[in-house]
Q: 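Sharing a structure below in structure tokens format, with a few things to ask.
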Amino acid sequence: MIKVYLDHQSSTPVLPQVYEAMLPWFSEYYGNASALHEQGLRAKAALNQSRKQFSEAIHSPDPESILFTSCGTEANNLAVKGTAYALQHKGKHIILSTAEHPSVENSVAFLERQGFTATRVSVDSQGFINPEDIRAAITPETILIATHYANHDIGTIQPVAQIGEIAREHKIQFFVDAAFSAGWLPINVQEMNASLLSLSPHRFYGPKGVGVLYKNRKARLSSIIHGGIQENNFRSGTENIPAIVGGGLAMQIAENERETRVSRLRVLQEKLWKGLSEQISYICLNGPLPGENRHPANLNVSTEFIEGEGQLLLCNAAGIAVASGSSCVSKNLKSSLTLTAIGLDITLAQGNIIFTLGKDNTFEQIDYVVSSFAKIVERLRQMSPMWDAFQKGNISSVIPGNPK
Amino acid sequence: MIKVYLDHQSSTPVLPQVYEAMLPWFSEYYGNASALHEQGLRAKAALNQSRKQFSEAIHSPDPESILFTSCGTEANNLAVKGTAYALQHKGKHIILSTAEHPSVENSVAFLERQGFTATRVSVDSQGFINPEDIRAAITPETILIATHYANHDIGTIQPVAQIGEIAREHKIQFFVDAAFSAGWLPINVQEMNASLLSLSPHRFYGPKGVGVLYKNRKARLSSIIHGGIQENNFRSGTENIPAIVGGGLAMQIAENERETRVSRLRVLQEKLWKGLSEQISYICLNGPLPGENRHPANLNVSTEFIEGEGQLLLCNAAGIAVASGSSCVSKNLKSSLTLTAIGLDITLAQGNIIFTLGKDNTFEQIDYVVSSFAKIVERLRQMSPMWDAFQKGNISSVIPGNPK
Amino acid sequence: MAEEYNPYNPIVMDHFLNPRNMGDLEDADGIGEVGAAACGDIMKISLKISDDGKISDARFKTFGCGSAIASSSMATELVKGKTIEEALKVTNKNVVDALGGLPPVKIHCSVLAEEAIKAALDDYIKRHPEKAALVAEKKHKA
Amino acid sequence: MAEEYNPYNPIVMDHFLNPRNMGDLEDADGIGEVGAAACGDIMKISLKISDDGKISDARFKTFGCGSAIASSSMATELVKGKTIEEALKVTNKNVVDALGGLPPVKIHCSVLAEEAIKAALDDYIKRHPEKAALVAEKKHKA
Ligand SMILES: Cc1ncc(COP(=O)(O)O)c(C=O)c1O
Ligand SMILES: Cc1ncc(COP(=O)(O)O)c(C=O)c1O
């Protein structure tokens with residue numbers, strides 16, 4: 001059976017070299033990095049080697065600015081809550097956008113229940129943040145500006161350097177959620193003026209079980225997981241050495257191969273969108289057109305008159321793995337936060353499908369996906385009373401400009 | 001060179017079978033357990049299989065009571081802070097002992113900075129909590145009783161069932177930190193009347209990168225890592241599937257082999273203490289005598305007139321891996337919390353060494369450790385001005401009863 | 001095997017992948033449409049009812065997730081051949097049971113299926129007021 | 001190799017594993033003992049000083065961690081052969097540098113070593129008040 005994996009945003013397979021690098025760290029070198037003996041010191045050396053790899057890839061001034069967490073979500077929680085707790089005596093106001101990942105949005109919402117306040121800057125219909133809106137939201141109480149680099153749902157690439165400049169002017173700590181960007185987009189924490197920046201290695205062919213938070217030496221941060229003195233007191237708990245070793249190598253490889261991977265992805269991305277938009281009527285692209293303002297792996301579409309989960313299940317039956325921002329699929333109304341933020345019609349949000357390409361997808365796979373997906377859409381429309389009503393002229397399309 | 005690993009409390013090697021079980025989950029099955037396609041659903045099935053393994057091992061009423069975190073420290077943070085946030089409207093008082101692991105102690109200290117209050121019940125000179133002291137500390141404001149099962153430093157096994165009974169009588173949530181106990185001591189969460197109980201698989205031949213929190217269906221808990229809806233909304237973030245798969249199997253194997261492993265350990269433990277106490281003068285055992293009140297893997301000793309780090313380094317040079325609760329070694333004054341709690345003289349705390357045995361240690365290794373360690377102590381005493389002063393009668397031994 | 005890894009049990013998957021009675025009925029005697037796109041589900045059920053009050057045919061069209069489609073498919077199967085009175089007694093629980101269970105978050109799909117059947121029967125009764133009495137009378141007797 | 005994995009650099013490890021000048025000096029001319037067991041370190045340095053004010057021999061005894069032992073060992077090496085005046089100028093930084101560096105949390109060990117040397121010299125001067133003038137005089141000239 002044909003298998004096409006187009007859900008690289010949700011996770012990627014671990015690279016063979018990365019896997020090889022991890023293996024000795026399970027049963028052969030198993031020391032706790034806090035321990036003062038050969039096994040422990042070896043683990044600590046591995047930790048520091050990985051720090052170096054991450055540090056170089058994101059142009060961090062020094063490896064000590066790299067902190068390890070268990071996942072991107074925890075890194076985001078640490079950045080947001082850690083800043084809030086460290087700086088609460090200075091102020092209690094946070095600025096973010098309406099299109100953040102739930103790990104940022106829900107961390108801020110948690111802080112609001114604890115007495116912090118937040119301003120959520122709107123994004124436009126393609127998901128872009130206007131840096132001037134951030135500037136306008138700043139108050140003397142503002143202690144943190146938190147935004148993402150590339151949007152996890154619709155691939156919009158934000159003007160982070162401009163936002164960083166504003167943060168610098170106002171001497172406000174700036175956090176960039178790069179969990180969907182690292183490995184795919186160039187990252188220079190110094191040029192971005194990022195005080196904090198998060199990564200998630202399992203999104204670029206590294207293992208699950210590790211997240212990274214870059215913390216500029218000047219950034220103020222409190223720990224959110226308390227206990228031992230690991231990670232320079234910023235994150236307690238025994239470090240997951242195999243995942244940290246694998247993550248560092250995956251980062252290094254991703255950075256070395258980034259341009260090659262990306263230029264190929266861009267061709268596949270164009271081809272996929274061209275195929276879908278030609279073969280399927282009443283389909284719209286969410287987020288910017290493929291190009292420099294869009295993440296090269298992401299294609300987010302809405303097919304009108306049908307719902308997302310059915311599409312997902314039929315895709316799966318056809319061997320195609322995709323995702324959806326539809327609340328029915330995720331059982332979580334908040335998962336389609338971005339779609340709400342860009343003002344997408346609710347029925348289009350229901351029919352949402354997210355394709356995320358990877359480095360190993362082929363042209364043949366794209367052809368297969370386009371033709372299969374066209375059949376799936378057709379099949380579900382045959383079942384849909386809305387499609388019927390539309391055909392009879394009882395309702396009309398809500399896609400702006402009514403494409404095709 | 002001879003290598004003897006006696007630091008199983010800090011971490012253990014992953015069992016070959018566990019390692020084998022983890023391997024497919026890196027590069028072959030790499031789906032995100034939240035995804036609605038074969039890769040994702042397969043990951044979800046693996047998650048649930050692991051839940052079942054943990055559930056059975058600790059006699060949980062149902063697998064849904066098993067929540068995955070990234071490590072024992074995070075599980076402890078979730079138990080303590082999650083209870084506090086969930087029940088703060090009922091009251092803000094927490095009871096714990098003076099000999100908790102830093103992950104519990106520091107979580108409570110963090111909550112105290114947020115307006116919660118705590119009573120720290122003293123332990124006796126062997127580290128035992130008196131359940132009646134817990135009862136006496138209860139106020140109408142008390143929302144949580146947090147204690148450990150076996151002490152991570154000195155191996156004291158607490159009367160958790162009696163404490164659980166008191167918690168039940170007063171309808172107070174009861175958390176048991178079993179991170180150093182699971183896999184070695186029998187655990188029955190129902191008999192203990194535990195509302196919450198934490199485990200750490202890398203301490204029983206499972207992988208790093210996963211912790212477990214048992215949460216009774218009736219226990220109230222708030223999330224502390226916010227984001228997506230993973231782990232039934234109690235812990236956001238992409239699950240570390242390979243570690244969860246490996247952890248579940250390690251738990252199952254540990255439980256199947258527990259009695260065999262433990263009866264062997266008890267012999268080694270007795271032999272080690274007998275050897276040390278016969279070969280070395282002015283050495284004392286911290287915690288209960290080997291037997292049913294002491295963790296079968298742990299032996300905590302203090303050698304008088306010398307300091308811990310030097311012992312560790314010379315042990316390492318002799319191929320022996322051990323730990324120390326000395327603050328000089330850990331660079332963390334709080335690491336010797338337990339030693340302070342039992343009222344150990346500060347100079348004995350400085351000379352602290354922790355041996356933790358594992359299932360693969362041999363009789364020959366114990367002989368080697370005893371003779372090597374005796375030489376190490378002798379060598380450091382030759383260097384020590386305190387030993388000199390003691391020999392000249394200028395100072396006296398502070399070991400109670402002056403053994404040997 | 002891919003088949004092992006589905007979010008629903010094999011019966012639900014079968015009704016989703018091979019829906020029974022999908023479509024519309026020409027000259028339907030009763031049509032019920034419930035739900036709203038904004039809520040994620042719309043179900044439309046069409047019934048053909050013979051003079052003796054038996055449901056001789058049923059069809060569905062559904063905008064919604066896999067379990068909504070499977071619930072509609074199963075609901076039409078359940079009411080086919082039944083009398084109006086019997087069909088009125090079909091509950092969402094019957095649908096869930098016939099499907100061999102649904103995940104807790106998807107129970108609402110079966111509720112919608114029950115409502116769609118009821119709406120179609122209501123529509124029939126509205127169109128045939130003389131049958132309403134019959135139904136009521138029979139209900140009384142029971 | 002085990003040697004690669006040590007908390008200290010090879011020079012420190014060498015001075016810890018093969019300490020130079022460990023022990024006491026019979027008829028020492030000056031003895032300094034600093035630190036306290038409660039703080040984790042005690043260092044005792046004994047010096048033999050010839051009539052011309054040169055340190056002809058030095059010994060240490062230390063209760064403390066690896067870097068405390070290495071610092072004492074290095075400190076005795078550094079002062080051997082030096083005049084009192086020169087030895088008084090030996091700083092903790094000299095000890096750290098000679099050791100090729102210490103981890104930040106262990107710098108205090110080198111401070112203790114400097115203090116122990118100074119204490120031993122003080123002791124000598126106390127016992128030989130006539131030399132104190134000499135030292136002061138020389139200091140003046142410089
Ligand atoms: C932008 C962004 N931030 C954070 C996360 C969370 O990362 P993780 O899945 O490693 O917890 C994701 C993952 O979906 C993401 O895309
Ligand atoms: C009793 C106890 N609780 C909690 C922990 C923390 O577990 P982890 O190292 O998995 O974070 C430990 C580990 O030392 C422990 O012994």
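Per chain, numbering begins at 1; letters A, B, ... match sequence-line order. Quick caveat, the model's predicted, so the values are computed rather than measured.
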Q: With a 4.5 angstrom heavy-atom cut-off, could you sort out which part of D:Ser67 is near chain B: side chain, backbone, both or neither?
A: backbone
Q: Could you tell me whether the side chain of D:Lys44 reaches within less than 4.5 Å of the side chain of B:Met386, counting heavy atoms only?
A: no
Q: With a 4.5 Å heavy-atom cut-off, do D:Pro19 and B:Met383 have their side chains touching?
A: yes
Q: I'd like to verify something: which residue of B:Thr347, B:Asp345, B:Ile306 has the highest number of heavy-atom pairs under 4.5 Å with chain D?
A: B:Ile306
Q: Would the number of heavy atoms belonging to other residues, nucleotides or ligands and lying under 6.0 Å from CG of B:Asn394 be above 12?
A: yes
Q: Atom CD in B:Glu307, atom OG1 in D:Thr62: separation rounded to 0.5 Å?
A: 11.0 Å
Q: Under the side chain to side chain contact (heavy atoms under 4.5 Å, CB included) rule, what do D:Leu17 and B:Leu314 come out as? Steps first, then yes or no, please.
A: CA-CA 8 Å; D:Leu17 292 171; B:Leu314 289 177; 3.5 Å; yes
Q: With only heavy atoms counted, which part of D:Phe16 is less than 4.5 Å from chain B, the side chain, the backbone, both or neither?
A: both
Q: Could you pull out the closest heavy-atom pair between B:Glu309 and D:Cys65, with the gap in Å?
A: OE1-CB, 3.2 Å
Q: Taking side-chain hydrogen bond (donor to acceptor under 3.5 Å, both in side chains) as the definition, give me every residue that meets it alongside B:Ser97, ordered by chain and number, with sequence neighbours left out.
A: B:Glu100
Q: Does any heavy atom of chain B fall under 4.5 Å from the side chain of D:Ile42, the backbone, both, or neither of them?
A: both
Q: Chain D heavy atoms under 4.5 Å from B:Gln382: which part of the residue, side chain, backbone, both or neither?
A: both
Q: At what distance, to the nearest 0.5 angstrom, does CE of D:Met13 lie from CG of B:Asn316?
A: 7.0 Å
Q: May I ask you to name which of D:Ala37, D:Pro7, D:Gly23 has the most heavy-atom pairs under 4.5 Å with chain B?
A: D:Ala37
Q: Between B:Arg379 and D:Met22, does a side chain to side chain contact (heavy atoms under 4.5 Å, CB included) hold up when you go through it step by step?
A: CA-CA 11 Å; B:Arg379 177 168 167 180; D:Met22 200 280 287; over 6 Å; no
Q: Testing the basics here: between D:Phe63 and B:Phe305, what is the closest heavy-atom pair and its distance to 0.1 Å?
A: CD1-O, 3.2 Å
Q: Is any side-chain heavy atom of D:Asn6 closer than 4.5 Å to one of B:Leu313?
A: no
Q: Hey, is NZ on D:Lys48 packed in by over 12 heavy atoms from elsewhere, all under 6.0 Å?
A: yes
Q: Looking at D:Cys39, D:Gly66, D:Ala36, D:Ser72, which one has more heavy-atom pairs under 4.5 Å with chain B than the rest?
A: D:Gly66
